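Worksheet: one structure, shown below.
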Amino acid sequence: MPSTILAIGTKKGLWFATSSDRKTWNVSRPHFLNEEVPSVEFDTRGGRTRILVGIRSEHWGPTVLHSDDLAETWSEPDDGAIRFPEDTGEALGRVWQLKADTEGRPGVVWAGCEPISVWKSTDGGEHFELNRGLWNHPHRKDWGPGYGGAAAHTVLPSPVDDSIHVAISAGGVYRSTDGGESWEARNKGISAYFMPDPNPEFGQCVHKIARDPEEPNTLFAQNHHGVYRTDDAGDHWESIADGLPADFGFVMLTHPRRGGTAWVIPLKADGERVPPEGRLAVHRTADGGATWTALDAGLPPEEFNAVLRDAACVDDGDPAGVYFGTRGGSVFASADEGASFAEVASRLPDVLCVRVARVGD
Amino acid sequence: MEVSVLVPALLAEHTGGQRILQVVTDDVASVGNVLDILAGEHPVFDRRVRDETGSVRRYVNVYIDGDDIRSLDGLATPVLEGQELLIIQSVAGG
């Protein structure tokens, strides 16, 4: 029977929730208990479901594992999936993002890591190669850490050409138009109010970017203060924050098929970082950010936990499902694009990432 | 010569379930040499103990007959016949 499987990566382990109707959920035993799980990905290309997970132990360091049997067993290559080359003198700190590329690029998986780096695998995520173009970028020495660390946390390969966007905290948005050989900062219009020059070429703390499904050159960004859209692949960004209760937050999601539709989860101000007035709500636009609608049906009346950048995702159902987890360990699912939510799990450790897939079709 | 290496329980899954490993080295060897030999047999175990620069991870402690190698000569600390190498996680996390 087809079911939806939701991976929930937390500060202390990985859980899976499954549902046949996206309304009632069964939650699994924990995997990797006591290990941080900042990244997880379902790679469903080619009729196979592979789960990739980036875990990190405070003691034993980070590693990437994969499972081809829906988390019954896990494997990792002896020599490690991601290892900094000797000449860099660096060691992997944390895997922030694992991103399967499009159907047209089978086997290609991207990773965004700490220290700030982007990696590409061509064997389904078993071995990755450092992207030297970004690693050798002259700006790299000036990129700095956000509060959570210095990382390339978002990798967005284009479905229509060889362009790739990455988002770096704190470095901003970088774009490659040649498959990752070379990179240019693309932050014009995005504010960096915390810098002496609030409109620098780079250095912005872009928390998350997402691509429009119908217009590949349209991207949405949730910034460290500021919500933006670009219609020219990042050459210019315009604010779309009007109508939101706060322009701070970490989440940015776009619809799997419908252009102009995106979701954010605002948090109040840099100094508080909690839902405004303790009212947790997802905000959705259906017109590219011109207007926003608050969605909180089924969410708790009071919530003071933040939702982190990868702790939210959408599925490709119709209507699309929307999922997110809080730092308080609550996970919510909507089977109707955010119109109503049901609790999937509660009292888990801090939720760092969620990803969803449909299996058994 | 032969030295014993005591492995923490949490890493035994990467050493074939063994908690005590006997390592045969040259007569003149360092802690790093012992770990290099272990890495050949148990590469995942080695990645848990040392990062890709070869450094012992920050919250992993290595003792040679009870002395922390960080207070000696680190991975260059000499190992003598019959000595015991203890690898153990330090207090970390929350």
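Just so you know, these numbers come straight off a predicted model, no measurement behind them. Keep in mind that the numbers below use all heavy atoms, side chains included, and drop hydrogens, waters and symmetry copies. Lettering follows sequence order; numbering is per chain, from 1.
The environment of A/Leu33 atom CG is dense: over 12 non-hydrogen atoms of other residues, nucleotides or ligands sit within 6.0 angstrom. At most 12 heavy atoms of other shown residues, nucleotides or ligands fall within 6.0 angstrom of atom CZ in A/Arg347. The local environment of CD in A/Glu343 is crowded, with over 12 non-hydrogen atoms from other residues, nucleotides or ligands closer than 6.0 Å. In the displayed structure, A/Lys99 atom NZ is contacted under 6.0 Å by at most 12 heavy atoms of other residues, nucleotides or ligands.
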Which atom pairs, one a donor and one an acceptor, fall under 3.5 Å between side chains of residues 39-46 of chain B and the rest of the protein, sequence neighbours left out?
unit_1, atom_1, unit_2, atom_2, d
B/Asp46, OD1, B/Arg50, NE, 2.9
B/Asp46, OD1, B/Arg50, NH2, 3.1

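With a 4.5 Å cut-off on non-hydrogen atoms, A/Asp79 touches chain B through its backbone but not through its side chain.
For the pair B/Arg48 and A/Glu76, the salt-bridge criterion is met [side-chain N within less than 4.0 Å of a carboxylate O]. A/Glu58 has no carboxylate O lying under 4.0 Å from a charged side-chain N of B/Arg58, or vice versa, which leaves the two without a salt bridge.
The shortest distance between side-chain heavy atoms of A/Trp60 and B/Arg47 does not fall below 4.5 Å.
With hydrogens and angles ignored, the 3.5 Å screen pairs no side-chain donor or acceptor of B/Arg57 with any backbone N or O of A/His59.
Proximity to chain B among residues 84-94 of chain A is limited to A/Phe84, A/Gly89, A/Glu90, A/Ala91, A/Leu92, judged by heavy-atom separations below 4.5 angstrom.
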